Amino acid sequence: MHILTEHAGLLGRAFTMTALLGLGGGALAAALGLAVAVARLAPVPLLRRGATGYVEIIRNTPLTVVFFLIVFVLPELGVTLPGYPIAAVAALGIYTAAFVSEAVRAGVYTVGRGQAEAARALGLSFTEGMRFVIIPQALRAVVPPLASVWIALVKNTSVAAGFGVLELTAAGQRINFLAPGSVVVALLWIAAAYLVITLGSAYGFRRLERRLAVAR
């Protein structure tokens with residue numbers, strides 16, 4: 001167990017980075033995914049086609065390829081992000097946004113058509129109706145699928161290890177290099193660290209789901 005105390009600083013930094021990647025990527029995915037979902041439902045054909053194309057392309061592209069494009073290809077096009085962690089957040093957010101969009105869009109379909117008609121009868125525009133009437137009701141139905149998307153995002157942060165970011169998986173690789181005989185203990189700790197984040201998040205989502213169910 002001395003490996004944990006010997007590399008406590010490394011493991012602590014890696015845990016913090018994994019949490020920050022999850023939070024940053026999750027925030028970007030939530031904002032972008034919501035915008036894409038609304039665009040897919042908009043009464044503007046160009047917006048719908050663009051949003052649909054984005055979702056289909058991203059969902060059928062490996063996350064590693066998205067990382068590669070952002071970390072290596074964008075700088076060749078003159079777009080440079082300030083550091084690998086920021087690039088990792090961008091890759092995770094852009095990739096996960098496609099799945100958030102589909103979850104939100106499915107939630108919108110659970111809201112009765114009469115709600116949209118009532119919004120139009122009140123003189124609300126499409127954007128206003130989505131913002132004030134449809135989306136607040138739809139979000140109650142999408143908590144469980146969003147929880148699954150979030151947990152997948154946290155596990156996907158491990159891909160950042162291959163692109164120069166010191167997160168939990170990268171910490172395990174470094175410990176394996178420095179002390180191969182102790183890597184099993186380190187990997188068990190890393191697995192437990194992922195469980196702390198994912199199980200803690202799942203508990204929070206369950207509480208949110210129960211709270212919204214009561215509010216409904």
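Given the structure is predicted, the values throughout are model-derived calculations rather than measurements.
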Crowding at CZ, Arg48 (>12 non-hydrogen neighbours, <6.0 Å): yes
Donor-acceptor contact below 3.5 Å, side chain Thr96 vs main chain Gly93: no
Candidate list Leu153, Thr64, Leu63, Ile70, test side-chain contact (heavy atoms from CB on, under 4.5 Å), partner Tyr95, passing option: Leu63
Distance-minimising heavy-atom pair for Ile190 and Ala171: CD1-C, 4.3 Å
Approximate separation, where rounding is to 0.5 Å, of Leu92 CG and Leu23 CG: 11.5 Å
ring-ring contact (aromatic ring centres under 6.0 Å, His included) assessment of Phe163 paired with Tyr84: CA-CA 7 Å; Phe163 294 87; Tyr84 287 150; 8.2 Å; no
For the student: nearest non-hydrogen atoms of Trp150 and Gly22, plus distance: CZ3-O, 2.9 Å
Hydrophobic cluster identity match, Val100 and Leu47, side-chain contacts under 4.5 Å: no
CD1-CG distance between Ile197 and Leu168, expressed to the nearest 0.5 angstrom: 6.0 Å
Candidate pair Thr61 and Val66, rule side-chain contact (heavy atoms from CB on, under 4.5 Å), full reasoning: CA-CA 7 Å; Thr61 301; Val66 177; 4.0 Å; yes
Path from Val108 to Val44 over hydrophobic side-chain contacts below 4.5 Å: no
Spatial distance of atom OG1 (Thr52) from atom CD1 (Ile57) [nearest 0.5 Å]: 10.5 Å
Approximate separation, where rounding is to 0.5 Å, of Leu146 CG and Leu208 CG: 9.5 Å
Val165 to Pro85 - nearest heavy-atom pair and separation: CG2-N, 4.0 Å
Closest approach of Arg59 to Ala98 (non-hydrogen atoms, all atoms of both residues): CG-CB, 3.8 Å
CD on Glu167 to OH on Tyr194, rounded to 0.5 Å: 4.5 Å
Gly12 backbone acceptor or donor facing Thr16 side chain under 3.5 Å: yes
Over all atoms of both residues, closest heavy-atom pair of Ile94 and Leu28: N-CD2, 4.2 Å
Hydrophobic cluster identity match, Phe99 and Leu41, side-chain contacts under 4.5 Å: yes
Single-linkage hydrophobic cluster, 4.5 Å side-chain cutoff, Leu188 and Leu195 together: no
Exceeds 12 heavy-atom contacts within 6.0 angstrom, atom OH of Tyr203: no
Non-hydrogen atoms of Val104 and Val142 that approach each other most closely: CA-CG1, 4.0 Å
Pairwise distance CD1(Ile151) to CZ(Phe205) - rounded to 0.5 angstrom: 7.5 Å
In one Ile/Leu/Val/Met/Phe/Trp/Tyr side-chain cluster, 4.5 Å: Val65, Tyr54: yes
